[in-house]
2 protein chains.
Amino acid sequence: MNSTDVRKRITIKDVAQAAGVSTQTVSRVMNKFSYVSEETRQRVETVVNQMGYHPSTLARSLIQQRSYTLGVVTFGLKYIGPSRTLNGVADKADELGYMLLMKDLDNFNINRIDEVIDSLLARQVDGIIWVAPEIGENHTWVEERKEKIPVPVLFLAMRPRPGIPSVATDNYQGAVMAIQHLLDCGRKKIGHISGPISWWEAEERKRGWRDTLRAAGLDASDYHCTEGNWSSASGEQAFTQLLERYPDMDAVFVANDQMALSVLRETYRLGIRVPDQLAVVGFDNIAESAYFHPSLTTISQDLQLLGEQAVQSVVEMIQSMQQDQPIIAQSKFIQPTLVIRESSL
Amino acid sequence: MNSTDVRKRITIKDVAQAAGVSTQTVSRVMNKFSYVSEETRQRVETVVNQMGYHPSTLARSLIQQRSYTLGVVTFGLKYIGPSRTLNGVADKADELGYMLLMKDLDNFNINRIDEVIDSLLARQVDGIIWVAPEIGENHTWVEERKEKIPVPVLFLAMRPRPGIPSVATDNYQGAVMAIQHLLDCGRKKIGHISGPISWWEAEERKRGWRDTLRAAGLDASDYHCTEGNWSSASGEQAFTQLLERYPDMDAVFVANDQMALSVLRETYRLGIRVPDQLAVVGFDNIAESAYFHPSLTTISQDLQLLGEQAVQSVVEMIQSMQQDQPIIAQSKFIQPTLVIRESSL
DNA sequence: ATATCCTATGTTATCGATAACATGTTATCG
DNA sequence: CGATAACATGTTATCGATAACATAGGATAT
C-alpha cells in the first residue's frame with residue numbers, strides 16, 4: 001500500500017558502491033581479521049550503519065558450506081519434558097552463535113524421518129539433535145542411516161550405545177535414589193507404577209526400583225508393579241490395580257509426577273493417609289509437584305542442562321569435523337537429584 | 001576415521017552429468033510443471049534415486065528470494081504455554097510446507113530484539129511469528145520497526161491493534177464465562193487472584209471478572225482482588241491475602257491453574273471445603289488440573305489452535321505479498337471454553 | 001640497491017540452484 | 001505446404017556472499 005513499502009534487501013554491492021570500494025573490501029570489513037586500512041574501514045562502517053546493511057547468512061552459508069544452524073527434531077513438543085529440553089538447547093545454541101531449525105514429529109513414522117532429515121540437510125544444518133525418547137526399536141533406523149548423514153547427529157534420552165553420541169538423564173540412578181530414600185525412611189513394601197515399558201526411560205526406572213529392592217533383600221517382582229502410560233488418567237488405573245494386588249504396600253514409586261498426582265488424589269479419596277500409611281515418590285519434579293497435597297517427593301532431572309550439554313557436544317563434534325579430526329562419539333549421563341517433600345517424610 | 005566418511009554433497013551437476021542432460025533439465029524434472037519428455041524424466045529420476053540427490057534448499061532460497069522458512073521468536077519456552085503454542089505452530093508449518101527457524105528470548109531486552117530480527121532476516125525467513133506475551137509497553141518497538149521489516153510479522157497473545165496482525169485468546173470472554181458460571185451456581189461474593197497486571201492477559205481476565213460482577217450488581221473492586229505472578233508460590237500468598245480482606249467470599253476466580261492449585265492446597269490446609277464453602281475456577285486447563293482434588297473447573301484455551309491460526313495468517317500474508325497485493329492486517333480472537341469440574345459444582 | 005615481505009585493495013571464480021533467453025524439433029492449421 | 005504453436009532441451013545470467021588469486025606500493029633486510 002505504502003510506496004516506501006518496497007524495501008529491497010541491501011546487498012554487499014550496494015554498500016561497496018556507496019563506499020566506493022569493491023565488495024571484497026566490504027566483506028573484509030564485516031569479517032575483521034584481514035588487511036583493511038583504518039580509513040577505509042571507517043568509511044565502510046559508516047555506510048553500513050547508514051544503510052542498515054546486514055549480510056545474508058544464506059549466501060554466506062552457500063559458499064562456506066556451513067550455516068551456523070542446528071537441526072532439532074522433537075517428538076511431542078506438547079509435553080512439558082521436550083519443551084524444557086528445547087529451552088536448554090535454545091539457550092546454549094544462542095550462546096554459541098547457532099540458530100535452530102526445528103521440526104516436530106507427532107508420531108514415529110519411519111518414512112517421515114527420512115524426509116525430515118533430508119529437509120534439514122537441504123538447508124545445510126551443521127549438526128542435528130534428536131530430542132526423542134527411545135521407544136521399542138525406533139532407534140534402529142539410526143544404525144542404518146548413520147553413515148549417510150554428512151553431519152554429526154546427537155541423540156537425547158537414548159540408551160547409551162558405543163559409537164552413537166547421546167546425552168541422557170541417568171534414570172536408573174534416579175530410581176535407585178528414590179528407593180534408597182524410601183528404604184532409609186523404613187519402608188519395606190515398595191510398589192512401582194512404571195511408564196510404558198517399551199520406553200527406555202520407563203525400563204530404566206523400573207530396573208532401578210527392582211535392583212535396589214532386591215539388593216536389600218526385599219520383594220520386587222512384576223507382581224508388585226503395574227504399568228501406566230505417563231498420563232494422570234493412566235496413573236489412576238494403575239494405582240487401583242496395584243493396590244488390589246499389593247494391599248499392604250507401604251510406599252509406591254511412581255515413574256512420573258503426572259501419574260503420582262492421581263495417586264495422591266486416589267489415596268485421598270480412599271482415605272489412605274500419605275505419607276503415614278503410604279509414602280509416594282514421583283519422578284521429573286514438574287513445577288506443580290511442590291504444590292500437590294501433600295507436596296510430592298520426587299526425582300528432579302535437569303532437562304535444561306540436558307539440552308545444553310547436547311548442543312555443547314554437537315558443536316564440539318562439528319568443530320572436530322571441520323578440522324578433519326576424527327569424531328569421538330561420547331555418551332553423557334546427567335545425574336538427577338532427590339527432592340524430599342511431604343509425601344515421603 | 002572411516003574413509004567412506006567423506007560424503008560429499010551430491011549436486012544438481014553430478015546428477016546432470018550422470019544422466020547426460022543439462023542441469024536445467026534436472027531442475028525441470030525436480031520441479032515438475034515444465035516440458036520434459038517422459039523418457040528423459042524417467043532417466044533423470046532413476047539417477048536421482050540412485051545417487052540420493054536432494055536439492056539444496058539453501059541455493060534455491062538464494063535465487064528465489066524466499067526460503068519457505070518462518071522465524072519464530074519465543075519468550076520463555078520453559079513455560080508450558082508457549083511450548084503448546086509452538087506445537088501448533090510447528091504442526092501447521094509442517095502442513096503448509098514451511099520449516100521453523102527458532103529463537104528463544106529469555107528476557108525482554110530491546111537490543112536483543114533487533115539482533116534477533118536481523119539474524120532471522122539474514123536467513124531469508126519469509127515471515128515472523130512473535131510468540132511473546134504483551135507486558136507493559138514492550139510492544140512499542142513494533143510500531144517503530146514495522147516499516148523496516150520486509151516480511152510479514154504476526155503477534156501472538158497481543159492486544160489487537162489496527163494495522164498489526166495478531167492472534168490471541170479472548171481472555172476477557174473467558175473470564176466472563178468463568179464468572180457467569182459462578183453466578184449461575186448462585187455465588188455472589190466472588191474474589192479474584194489476578195496475574196501480574198502489567199500483562200495484557202492478566203488485565204483482560206481481571207476486566208472480565210469486574211465487568212461481569214458489576215453488570216450483575218455485585219461487588220468487584222480492587223479490594224476484592226489480589227495479584228500473583230502466575231506461579232504456584234505467588235498464588236499461595238495472594239490467596240492468604242485475599243482471604244484476610246474478603247473472609248466471607250464464596251468463590252474465587254484465579255487467573256491461571258498453577259495459582260489455583262495452591263489455592264486448593266491452602267483451602268485444604270485451612271479446612272475450607274471446596275466447593276461447598278468456596279468455589280474455585282482457574283484458567284488455562286493445564287493437563288494436571290483434571291486431577292487436582294477436587295478437580296478444577298477452568299477455562300480452556302486452545303493454544304494449539306492459536307499457533308495454527310498464526311501460521312495460517314502469516315502464510316496468507318506471505319502469499320499476498322508475493323502477488324503484490326496489499327497486506328490486510330487482521331486480528332483474530334480464539335474463543336476459550338468453560339470446563340466444569342468438581343471445584344465449582 | 002635489489003630482493004623480499006607486508007599491507008591494502010581489486011578481479012575472477014565459486015557455492016547450488018533457478019530465471020530468462022535461445023534454439024531446434026515436431027505438431028497443427030488454414 | 002509454409003507459418004505458427006507446442007514441446008524439449010541447452011546456454012548464459014543471476015542470487016549474495018566469500019575464496020583464491022593478482023596487483024601494486026611501501027617497508028625491511030641483506
Side-chain angles (χ1 to χ4, degrees), chain A residues 7-45 47-48 51-69 118-119 121-126 150 322, chain B residues 7-45 47-48 51-69 118-119 121-126 150 322:
Chain A
R7 289 163 300 238
K8 230 195 72 227
R9 171 173 271 282
I10 293 152
T11 73
I12 199 170
K13 273 189 200 165
D14 303 325
V15 176
Q17 190 160 35
V21 296
S22 74
T23 61
Q24 191 56 227
T25 301
V26 177
S27 175
R28 288 190 182 107
V29 171
M30 298 304 287
N31 296 294
K32 315 275 157 55
F33 309 117
S34 189
Y35 304 121
V36 180
S37 71
E38 190 49 34
E39 191 208 322
T40 312
R41 151 157 285 127
Q42 299 255 331
R43 184 151 42 94
V44 171
E45 272 169 355
V47 174
V48 164
M51 304 183 78
Y53 167 65
H54 296 283
S56 161
T57 307
L58 210 63
R60 175 187 286 151
S61 301
L62 188 58
I63 185 77
Q64 294 190 150
Q65 300 286 58
R66 69 179 296 194
S67 61
Y68 287 95
T69 301
D118 288 338
S119 69
L121 293 178
R123 285 172 168 85
Q124 288 278 9
V125 293
D126 297 336
Q322 215 121 64
Chain B
R7 290 163 298 239
K8 230 194 74 225
R9 170 174 273 283
I10 293 153
T11 73
I12 199 169
K13 274 189 201 167
D14 303 326
V15 176
Q17 192 160 34
V21 296
S22 73
T23 61
Q24 191 57 228
T25 300
V26 178
S27 175
R28 288 191 182 105
V29 171
M30 298 303 288
N31 296 293
K32 315 276 157 55
F33 310 117
S34 190
Y35 304 123
V36 181
S37 71
E38 192 48 35
E39 190 208 324
T40 312
R41 150 157 286 126
Q42 300 254 332
R43 185 151 40 95
V44 171
E45 272 169 355
V47 174
V48 164
M51 304 182 78
Y53 167 65
H54 296 283
S56 161
T57 307
L58 210 63
R60 175 187 286 149
S61 301
L62 189 57
I63 184 77
Q64 295 192 150
Q65 301 284 62
R66 69 179 296 194
S67 61
Y68 287 93
T69 301
D118 288 339
S119 68
L121 293 179
R123 285 171 167 84
Q124 288 278 10
V125 293
D126 297 337
Q322 215 121 64

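Bear in mind that the values here come from a model prediction, so they are computed numbers and not experimental data. Note on naming: letters A, B, ... go to the chains in the order of the sequence lines (proteins, then strands), and numbering restarts at 1 for each one.
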Provide, to the nearest angstrom, the distance between the CG atom belonging to B:L62 and the P atom belonging to D:dG16. 7 Å
Under-3.5 Å N/O pairs linking protein and nucleotides 21-23 of chain C:
none

For a quick check of understanding: with a heavy-atom distance under 4.0 Å over all strands, which category does A:Q24 fall into, base, sugar-phosphate or nothing? base
With DNA chain D as reference, determine whether A:T23 or B:T25 sits nearer its 5' end, using the nearest nucleotide of each. B:T25
To the nearest Å, give me how far apart OH (B:Y53) and C1' (C:dT18) are. 10 Å
Residues A:M30, A:V48; criterion side chain to side chain contact (heavy atoms under 4.5 Å, CB included); working and verdict: CA-CA 9 Å; A:M30 298 304 287; A:V48 164; 4.1 Å; yes
In whole Å, I'd like the distance from the CD atom of B:Q17 to the P atom of D:dG10. 13 Å
Just how far, in rounded Å, is P of C:dC15 from CZ of A:R60? 19 Å
For A:Q124, does its backbone N or O pair with a side-chain atom of B:R9 as donor and acceptor, under 3.5 Å? no
note: A:D14, atom CG; D:dA17, atom C1'; distance rounded to Å ~ 13 Å
Contacts of B:T69 meeting side-chain contact (heavy atoms from CB on, under 4.5 Å) (sequence neighbours excluded), chain-then-number -> A:L101, A:R123, B:S67, B:M99, B:L101, B:V125
To the nearest angstrom, how far is B:L58 atom CG from D:dC15 atom C1'? 11 Å
Nucleotide C:dA13, atom P - distance to CD of A:Q65 in whole Å: 20 Å
Within the 4.0 Å heavy-atom criterion, would you say A:S56 contacts the bases, only the backbone, or no part of the nucleic acid? sugar-phosphate
I want to check something: taking the side chain as every heavy atom from C-beta on, are B:S119 and A:T57 in contact at a cut-off of under 4.5 Å? no
Could you provide the dot-bracket string of DNA chain C, using ( ) for intrastrand pairs, [ ] for crossing pairs and | for bases paired to another strand, with Watson-Crick or G-U pairs below 3.5 Å? ||||||||||||||||||||||||||||||
Test log, rule side chain to side chain contact (heavy atoms under 4.5 Å, CB included), inputs A:D14 and A:M51: CA-CA 9 Å; A:D14 303 325; A:M51 304 183 78; 3.9 Å; yes
Scan for salt bridge (Lys or Arg N to Asp or Glu O under 4.0 Å) pairs involving residues 15-43 of chain A, sequence neighbours excluded, and state none if there are none. A:R41-A:E45
Counting only heavy atoms and a strict 4.0 angstrom limit, can you tell me which residues of residues 33-40 of chain B come near DNA chain D? B:Y35, B:V36, B:S37, B:T40
Using the ring-ring contact (aromatic ring centres under 6.0 Å, His included) criterion, which residues pair with B:Y53? Sequence neighbours excluded. none
